[in-house]
Amino acid sequence: MYRQKMIVGNWKMNKTTADALVLIRDIAATVGKRTDVDVVVCPPFTALEGASRVLEGTAVKLGAQNMHPELNGAFTGEVSAPMLRELFVTHVILGHSERRAYFGETDAFVNQKVLTAIKNQLRPILCVGETLAEREAGATLRVVQTQVERGLEGVGRETAGGIVVAYEPVWAIGTGKVATAAQAQEVHAFIRSLLVKLLGEAVAQRARILYGGSMKPANAAELLGQGDIDGGLIGGASLEARSFCDLIQAAGAAK
Ligand code: PGA
């Protein structure tokens, strides 16, 4: 089954709006017309509006890094799905390991966000992945299974079409330690088998499963050459146009 590759830039808490716009313009100028790879950039909330203007008329899509499950109300400091939609945001990263570890996000809370995102025509990028201790204890697949099953609870087959899952081993994020292509492929194939059980064969075969964790131009080709690795969720290497565009190039070249 052919699945178009997807490269998502997760800028995390980096770039003022002024700096973000410089980077977005560079990315748009280099890959803005490419349609053979799905490209999504996820700047901080403060840069979304400006980024949205720059990206108008390009093929680059805009994503947010988080979202609250409620549509409005007394949730100081939070941002909702309609607020993102108004800025032409199409994707939203949910359950990133940094949100889970530093902000106490549980699978149940992440699940509420996933359901709200789908209901509001935002495509969730659901992040899952084990810590080093969990991998060393042989618990990788069990941890990933729980996160996928709980994160997608209540998602209907008919609405799950654009679902994206990102496998990000926590020990590989921002550490320079990348999972081997074989380690990643094993977990990706496992995630796809879970998606078959939860959402059916058709949705599972169409779903993109991204790898995240120190993906760089130097290691991208091997990872992206695996059968179930459909792209990358990129942190550090998405903060410079050159490395991010090289990754998009690698995704376009991967078979
Ligand atoms: P990294 O981050 O590429 O800097 O390891 C990936 C992520 O956390 O999404």
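Just so you know, ligand 1 is whichever comes first in the structure, and atom 1 is the first atom listed for that ligand.
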Under 3.5 Å, side chain of T116 to main-chain N/O of P69, donor-acceptor pair present?
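Yes, the answer is positive, given that a donor and an acceptor are paired below the 3.5 Å cut-off.
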Within the 4.0 Å heavy-atom shell around [X], which atoms of ligand 1 are there?
{"X": "N10", "value": "9 (O)"}
{"X": "A172", "value": "5 (O)"}
{"X": "G213", "value": "5 (O)"}
{"X": "G236", "value": "1 (P), 3 (O), 4 (O)"}
{"X": "K12", "value": "2 (O), 7 (C), 8 (O)"}
{"X": "G174", "value": "1 (P), 4 (O), 5 (O)"}
{"X": "H96", "value": "7 (C), 8 (O), 9 (O)"}

Taking R100 first and then D107, would you say they form a salt bridge - that is, a charged N and a carboxylate O separated by under 4.0 Å?
yes
D230/R192 ion pair, N-O < 4.0 Å
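Looking at R192 together with D230, the answer is yes, because their closest N to O distance falls below 4.0 Å.
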When D19, I234, L23 are each screened for side chain to side chain contact (heavy atoms under 4.5 Å, CB included) with W11, the one that passes is L23
Do you know the tightest heavy-atom contact between [X] and [Y]?
{"X": "L84", "Y": "F45", "result": "CD2-CE2, 4.0 Å"}
{"X": "S214", "Y": "K177", "result": "OG-N, 3.7 Å"}
{"X": "E130", "Y": "V144", "result": "OE1-CG2, 4.4 Å"}
{"X": "P44", "Y": "K15", "result": "CG-O, 3.8 Å"}

May I ask whether G212 places a heavy atom under 4.0 Å from ligand 1?
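Judged by the 4.0 Å heavy-atom criterion, G212 does not count as contacting ligand 1.
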Residue, atom and distance of the protein heavy atom nearest atom 3 (O) of ligand 1 read G235 N, 2.9 Å
Looking only at protein heavy atoms, which one is nearest to atom 9 (O) of ligand 1, and what is the separation?
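Answer, as residue, atom name and distance: E168 OE2, 2.6 Å.
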[X] to ligand 1: N or O pair under 3.5 Å?
{"X": "T175", "answer": "no"}
{"X": "A237", "answer": "no"}
{"X": "I234", "answer": "no"}

Can you confirm whether the side chains of T131 and E134 place a donor and an acceptor under 3.5 Å from each other?
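Yes, E134 and T131 have a side-chain donor paired with an acceptor closer than 3.5 Å.
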